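Below you'll find the structure, written out as C-alpha cells, and then a few comments.
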Amino acid sequence: MPLALLALAVGAFGIGTTEFVMMGLLPDVADDLHISIPAAGHLVSAYALGVVIGAPLLAALTAKLPRRRVLIGLMVLFVIGNALSAVAPGNTSLLAARFLSGLPHGAFFGVGAVVATGLVAPERKARSVSLMFLGLTVANIVGVPVATAMGQQLGWRATFLAVSAIGLAAIAALALLVPADHGHGDAVGLRGELRALRGGPVWLALGTTVAGFGALFAAYSYITPMLTDAAGYAESSVTVLLALFGVGATAGNLLGGRLADHSLRGTLFGGLIALAVVLAFFPLLMSAGWSAALGVALLGMAAFTTGSPLQLMVMEKASAAPSLASSANQAAFNLANAGGAWVGGLALAAGFGVTSPAGAGAVLAVLGIVVAGVAYVVDRRRPVAGPERIVASGAVRRRERSSH
C-alpha cells in the first residue's frame, strides 16, 4: 500500500481524537463551565453539525482544486478550530469552536477517500479506504484514552491543544507524502456534482449510514455513565475501556475493508446484523465488569465493519462526483452522531434506565438493515450498467464486467 495512505491516516487520527474525546470529557467540561451533562452533550452535536454542513459545502467549493492542497487547507482549518476550543472562555464560544472544528472533517475524509482509492488497484479500493480510516479507529485506542486522561489531569483545554499539535503533524505528513500531481477534482461543475447526488440509490446508501451509525452513537454517546453506573467501573477506568472500543473498531475496520473487496453488500449486511445483536444484548453485557468490557469491544467491531463498505458504495453510486458523494457520506455519518445522541438522550430522559440508549440503538440498527434491504431490491431491479451495478453485487459482478 502507498506511503501516502499514512499521511491520510495521521489526519484521520487527529480528527478521530477530537471527535470522540468529548464523550469522555463531558463531566469535566460540564463542571468547569457550570452546565449540566445534557447541556454539555450539545458540544458533541455542535461538532457533528459542523461536519454535516461543512462536508458537502467544502467538497463542492474545492472540487476543482488540487487534492493535496485541499487536504492541507482542511487540516489548517481543523487546527484553528481546536486551538479556539482550547481557549474558549465559555459554553457559547466552545460550541462555536466545536462547530468550526467539525467543518473540515467530512470533506477531509471525502477527498481523502478519493485520493486513497486512486492510489491502488481496483480490487484493493475498500482496503485502501479502511487503511485511511485506520487512523480514526486507532485514535480510539491511543488518542482518545490519552487525551481523556490528559483532560482529567491537566484540564480539558490541554486536550484540544494536543489535538492541534496532531493536526500540525498531519499537515507536514500530507505535504511530504501525498503526490503533488495526484490530480484535481473532476471539472463537472457544481450543478453536475449535485446532479450526481439525485439518484435514489445514493440516498438509500446515505440513509443506511445515518441509521447504522446512529445506532452506534445512541449507545456510545452515553457509554461513560453506562460503565460507571451500570457496570460499576470507577471513572478512572473508563479510559482503558474506551481503548477496548478502539481495538474492536480497528479490527472491524480492517476486517470490513478486506471482506468488502470480495462482497460489498454481504459485508454491509453482516455488520449491521452484528451491530443490532450487540446492542440488543448490551444491557445484559453491562451487568458485570468482564462482560461490559467485552461488550464495548464488540460494539466497536460490529459498527466499524460497515465503514469502508458504506464509503465505497456511496462513491461508486455517484461516480460522476466521488469527492462530493464521499463527503456527503461523512455528513451522514455525523448526522448519525447527532441524531443517535439525541435518540439515546430521549431514552434516558424518559426514565428507561442508564442502559436504555443501547436499546434505542438496536432499533436504529434494525432500521439500517431495512434501508439496506430496500437499496438491495432497488439495485436488483435496475439494468446492469456502470459502477452502480458493481456495488449492488460486489466483486463477482466486478469480475464479470471486466471479462466483457
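Computed from a prediction, not measured in an experiment: that's the story for all the values here.
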Identified side-chain contact (heavy atoms from CB on, under 4.5 Å) partner of L272 from the options L310, T306, T267:
T306

Minimum side-chain heavy-atom gap L136-E19 below 4.5 Å
yes

Is any side-chain heavy atom of L71 less than 4.5 Å from a side-chain heavy atom of L8?
yes

When every non-hydrogen atom of S308 is compared with those of F133, the smallest separation belongs to OG-CD1, 4.1 Å

Gap between atom OH of Y233 and atom CG of L241 - 0.5 Å precision:
5.0 Å

Identify each donor-acceptor pair in which a side-chain atom of residues 352-371 lies under 3.5 Å from a protein atom, sequence neighbours left out, and give them as a table.
from	atom 1	to	atom 2	distance (Å)
S356	OG	A347	O	3.4
S356	OG	G353	O	2.6

Pairs of donor and acceptor atoms involving the side chains of residues 209-219, under 3.5 Å and at least two apart or interchain, shall be tabulated with distances.
from	atom 1	to	atom 2	distance (Å)
T209	OG1	A205	O	3.3
T209	OG1	N329	OD1	2.7

More than 12 heavy atoms from other groups under 6.0 Å of CZ on F281:
no

Does any part of the side chain of R98, heavy atoms only, come nearer than 4.5 Å to the side chain of S85, both counted from C-beta?
yes

Within 6.0 angstrom of R69 CZ, more than 12 heavy atoms from elsewhere:
no

Just distance, no hydrogens or angles: give the donor-acceptor pairs under 3.5 Å from side chains in residues 72-84, sequence neighbours left out.
from	atom 1	to	atom 2	distance (Å)
N82	OD1	T18	OG1	2.6
N82	ND2	F78	O	2.9

To the nearest 0.5 Å, atom CG of L25 lies from atom CE of M150 at 10.5 Å

Got a list of side-chain donor-acceptor pairs under 3.5 Å for residues 243-255, not counting sequence neighbours?
from	atom 1	to	atom 2	distance (Å)
T250	OG1	T137	OG1	3.1
T250	OG1	G246	O	2.8
N253	ND2	S130	O	2.6

Calculate, to the nearest 0.5 Å, the distance between atoms CG and CZ belonging to L259 and R127 respectively.
10.0 Å

Test of understanding: with side-chain contact (heavy atoms from CB on, under 4.5 Å), list the residues that count as partners of V142, not counting sequence neighbours.
F13, V138, V146

Find the distance between CD1 (I223) and CZ (F282) and round it off to the nearest 0.5 Å.
4.0 Å

Non-hydrogen atoms of G16 and V144 that approach each other most closely
O-CG2, 4.1 Å

Quiz: residues 26-52 side-chain donor-acceptor pairs under 3.5 angstrom, not counting sequence neighbours:
from	atom 1	to	atom 2	distance (Å)
D32	OD2	W156	NE1	2.9
S36	OG	A39	N	3.2
Y47	OH	H105	ND1	2.8

What distance separates M132 CE from T117 OG1, expressed to the nearest 0.5 Å?
9.0 Å

Shortest non-hydrogen contact from R68 to A175?
NH1-O, 3.0 Å

Give me the atom names and distance for the closest heavy-atom approach of L119 to P179.
CD2-CG, 4.4 Å

Would you compute the distance between atom OG1 of T159 and atom CD of Q152 and round it to the nearest 0.5 angstrom?
9.0 Å

